[in-house]
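Some notes on the structure that comes next.
Numbers here are sequence positions counted from 1.
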Amino acid sequence: MKTVFKIVGASAVVAGAYLYSRKETPQEFVERAKLTFNDRKKKAADWKTAYDDFKKSMDAFTAQIPVLEKTIDDISRDVDEAMFKIQPRLDEINNYTDKLK
């Protein structure tokens with residue numbers, strides 16, 4: 001039992017020294033602690049909301065990847081087709097420019 005009183009007494013002395021060093025009353029300390037706790041709780045909730053939104057966005061993006069790959073393949077095929085059609089003309093233009101040099 002003496003040990004409990006020693007611990008309680010030491011805690012009271014440390015708490016008093018802390019409050020004195022910060023020039024703060026116990027009510028001010030409690031109010032500041034409440035504000036800090038509520039602020040951190042709100043920030044944690046905001047972070048969780050942002051993280052959940054990020055996960056939803058990533059899931060939506062992942063679901064769109066097959067469509068994106070198909071579109072890229074279609075564009076690549078169209079570019080290859082166009083290059084095949086204009087390659088003879090480009091070769092002819094290159095021949096003329098070589099002759100001009």
Applying salt bridge (charged side-chain N to carboxylate O under 4.0 Å, His left out) to Asp74 and Arg77, what does each step give before you reach the verdict?
CA-CA 5 Å; Asp74 291 346; Arg77 183 177 33 95; 3.1 Å; yes

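- Looking only at distances, no side-chain donor or acceptor of Asp39 sits under 3.5 Å from a matching main-chain atom of Leu35.
- Among all heavy-atom pairs drawn from Glu28 and Lys23, the shortest one is OE1-O, 4.1 Å.
- Each of Phe61 and Val67 belongs to its own hydrophobic cluster when Ile, Leu, Val, Met, Phe, Trp and Tyr are linked at side-chain heavy-atom distances under 4.5 angstrom.
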Might you work through the side-chain contact (heavy atoms from CB on, under 4.5 Å) test for Phe54 and Met58, ending with a clear yes or no?
CA-CA 6 Å; Phe54 174 74; Met58 280 303 288; 3.6 Å; yes

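- Under 4.0 Å is where a charged nitrogen must lie from a carboxylate oxygen, and between Asp52 and Lys56 no such pair does.
- Between the side chain of Ser76 and the backbone N or O of Ile72, no donor-acceptor pair lies under 3.5 Å.
- Note that NZ of Lys70 and CD1 of Ile75 are 10.5 Å apart. Values are rounded to the nearest 0.5 Å.
- Taking CH2 of Trp47 as the reference point, atom NZ of Lys43 lies at 15.0 Å (rounded to 0.5 Å).
- How far CZ of Arg32 is from OG1 of Thr25: 10.5 Å, rounded to the nearest 0.5 Å.
- Note that CG of Asp73 is 7.0 Å distant from CD of Glu69, once rounded to the nearest 0.5 Å.
- For Asp59 and Lys55, the salt-bridge test fails: no basic side-chain N is under 4.0 Å from an acidic carboxylate O.
- Here Asp98 contributes atom CG and Ile93 contributes atom CD1; the two are 12.0 Å apart, rounded to the nearest 0.5 Å.
- Going from atom CG of Asn95 over to atom CG of Leu90 covers 11.0 Å, rounded to the nearest 0.5 Å.
- Looking only at side-chain heavy atoms (C-beta outward), Thr36 and Arg40 come within less than 4.5 Å of each other.
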